[in-house]
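Written out below as structure tokens is the structure these notes cover.
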Amino acid sequence: MSLIKKAVDWIDVRIGTREIVEKELTGYLLPRNINGWYSMGSVLLFAFALQVVTGMLLLIYYVPDADKAFKSVTAIMNDVPFGWLIRMCHAVGSNMMVLALLFHMLSVLFMGSYKKPRELNWVTGFILFTMVQGISLTGYLLPWSQLSFWATTVATNSASAIPVAGPYLVEFLRGSPQVGPPTLGRFFALHVAVIPAGIAALIGAHVFLLKRTGVSAPPFGLPETMNQWQGDSYSYEKHPGGIPFFPHFALEDMRSIAIYMAIFLAVVFYDPYLFFPKDAFIPANPFVTPAHIKPEWYFLANYQTLKIFPNELIGLSLQGAAMTFLALLPFVDCGRERHPLKRPLFMACSVGGLLLWIGLSIWGHLS
Ligand code: HEM
């Protein structure tokens with residue numbers, strides 16, 4: 001015991017670890033009325049780390065070659081010890097991470113945490129949201145199944161609706177006129193190197209911004225529901241008398257991660273093929289178009305929007321407009337009030353938008 005204490009003292013004398021612990025953990029005070037939704041960010045950090053670890057393990061046996069990719073994935077599932085577990089964790093994990101991301105976005109949306117001075121937290125978060133969509137889209141092609149091949153054909157083809165640049169963009173995305181081996185090469189590079197590096201860098205920026213602004217106090221449980229920030233000079237939002245991050249909120253984070261893991265493992269062990277339609281088990285064949293090809297559940301609303309309008313450009317423009325509006329939300333909704341029930345216009349628009357998204361997704365699923 002005393003040996004451990006001696007080692008800790010030795011390091012402390014050199015780099016001041018006790019000071020770091022005091023400043024960043026036990027002395028890092030959070031709002032007294034903080035709630036469980038604030039732990040969704042930590043759940044996301046955990047979910048991303050899990051994807052990185054399982055992804056690295058899959059890389060040992062996966063072969064990014066159009067002739068070998070499907071076989072290598074089949075071998076991971078059937079021959080490699082615990083390969084099926086790692087693959088299922090990666091596939092289920094990607095869906096669960098998107099779910100956690102949506103909950104995190106909804107919580108900052110309804111609690112008005114994107115408002116001044118946290119506009120940049122929102123913008124970096126929004127870029128993370130698009131990158132997570134990009135990483136799942138590129139990952140979908142890698143098993144080189146019928147589902148992979150045709151879902152990527154449909155997704156990349158939608159860019160052709162853009163006037164003038166459209167056809168060039170489609171060929172640029174695919175690396176060839178049709179989805180083929182060059183598409184696999186570039187999607188692989190994007191999926192395992194470019195996008196993960198971008199996500200890691202942006203998570204760094206997102207957390208840095210959080211440390212500079214301080215965590216927002218939820219607009220519930222205390223009489224003050226207005227944004228605390230006033231004036232035009234920088235200030236850190238302190239929470240005197242608040243609860244320490246360690247051990248109090250760290251335990252709350254652990255509880256949320258445990259709930260996340262319970263749901264995650266329940267899917268992995270009891271319904272592992274929940275996110276796998278039958279075309280995911282047939283190798284890619286460019287000459288046979290499957291009868292029903294659908295994207296993952298979180299792209300169903302986009303897919304249905306493109307189907308509703310006879311002209312794809314209208315569907316694409318509407319989606320672009322909705323995404324731009326969401327990206328710039330903190331600059332449009334600038335009022336100081338943060339309680340959702342005291343923002344009736346915001347509530348009507350966001351609940352309406354959410355119901356529309358759910359409705360379009362169900363329609364896309366059933367159509
Ligand atoms: C990989 C994706 C993401 C990770 C790992 C992540 C991580 C985090 C963490 C750890 C926090 C601090 C704790 C909390 O309030 O939950 C946070 C706060 C925040 N995040 Fe994210 N986030 C991600 C995506 C997003 C997205 C998509 C948005 C919105 C478009 C967003 C907007 C915000 C905002 C506005 C805050 C400040 C909340 C406050 O101070 O109350 N984040 N994020």
Side-chain angles (χ1 to χ4, degrees), residues 24 28-52 93-136 195-222 225 227-229 235-239 242-243 245-246 248-250 252-257 260 298 322-333 338-340 350 353-354:
E24 303 295 337
Y28 176 36
L29 299 183
L30 300 170
R32 262 182 304 139
N33 58 336
I34 197 159
N35 57 48
W37 291 107
Y38 281 73
S39 57
M40 285 317 289
S42 303
V43 171
L44 273 168
L45 285 175
F46 176 80
F48 179 64
L50 211 62
Q51 288 306 99
V52 172
S94 72
N95 284 276
M96 290 281 297
M97 186 172 163
V98 173
L99 198 65
L101 191 76
L102 293 179
F103 279 126
H104 178 54
M105 264 179 101
L106 286 176
S107 78
V108 294
L109 198 69
F110 283 100
M111 289 193 272
S113 323
Y114 53 85
K115 295 194 169 199
K116 193 173 173 180
R118 297 185 178 78
E119 298 95 327
L120 294 175
N121 300 50
W122 175 267
V123 173
T124 49
F126 186 83
I127 303 172
L128 275 168
F129 171 60
T130 56
M131 285 189 152
V132 169
Q133 289 183 323
I135 207 164
S136 63
I195 307 182
I199 291 182
L202 262 146
I203 288 180
H206 198 64
V207 174
F208 168 77
L209 288 164
L210 182 89
K211 296 297 288 176
R212 294 304 296 160
T213 54
V215 175
S216 66
F220 313 112
L222 293 175
T225 60
N227 198 349
Q228 297 297 303
W229 198 83
S235 80
Y236 175 82
E237 188 168 335
K238 289 196 195 89
H239 302 285
I243 63 162
F245 172 72
F246 189 87
H248 299 69
F249 202 69
E252 180 94 23
D253 277 346
M254 300 289 267
R255 188 195 60 179
S256 301
I257 292 172
Y260 175 84
Y298 42 89
M323 288 292 270
T324 311
F325 178 76
L326 206 58
L328 300 179
L329 181 70
F331 307 100
V332 180
D333 178 21
R338 291 181 47 218
H339 195 295
S350 45
L354 193 61

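Order of appearance sets the numbers: ligands from 1, and atoms from 1 within every ligand. Side chains included, hydrogens not; waters and symmetry mates left out as well; all remaining heavy atoms used.
Remark: side-chain polar atoms of Y260 are not paired, donor with acceptor, to backbone N or O of L44 under 3.5 angstrom. Not one N or O on the side chain of R338 forms a donor-acceptor pair closer than 3.5 Å with the backbone of T225.
Close contacts between ligand 1 and R118 involve ligand atoms 40 (O) [criterion: under 4.0 Å to a heavy atom]. Within ligand 1, counting atoms from 1 as listed, the ones closer than 4.0 Å to a heavy atom of F129 are 27 (C).
Of all protein N/O/S atoms, those lying under 2.8 Å from atom 21 (Fe) of ligand 1 come to 2.
A donor-acceptor pair shorter than 3.5 Å cannot be found between the side chains of Y38 and S107.
Nearest non-hydrogen protein atom to atom 38 (C) of ligand 1 is S113 CB, 3.8 Å. In this structure, atom 39 (C) of ligand 1 lies nearest to the protein heavy atom S216 OG, 3.3 Å. Protein heavy atom nearest atom 30 (C) of ligand 1, with residue, atom name and distance: F126 N, 3.4 Å. Atom 2 (C) of ligand 1 has as its closest protein heavy atom L101 CD1, 3.5 Å.
Within the 4.0 Å heavy-atom shell around ligand 1 one finds Y38.
Inter-residue side-chain proximity for H104 and V43 is flagged as unmet; no heavy-atom pair is nearer than 4.5 Å.
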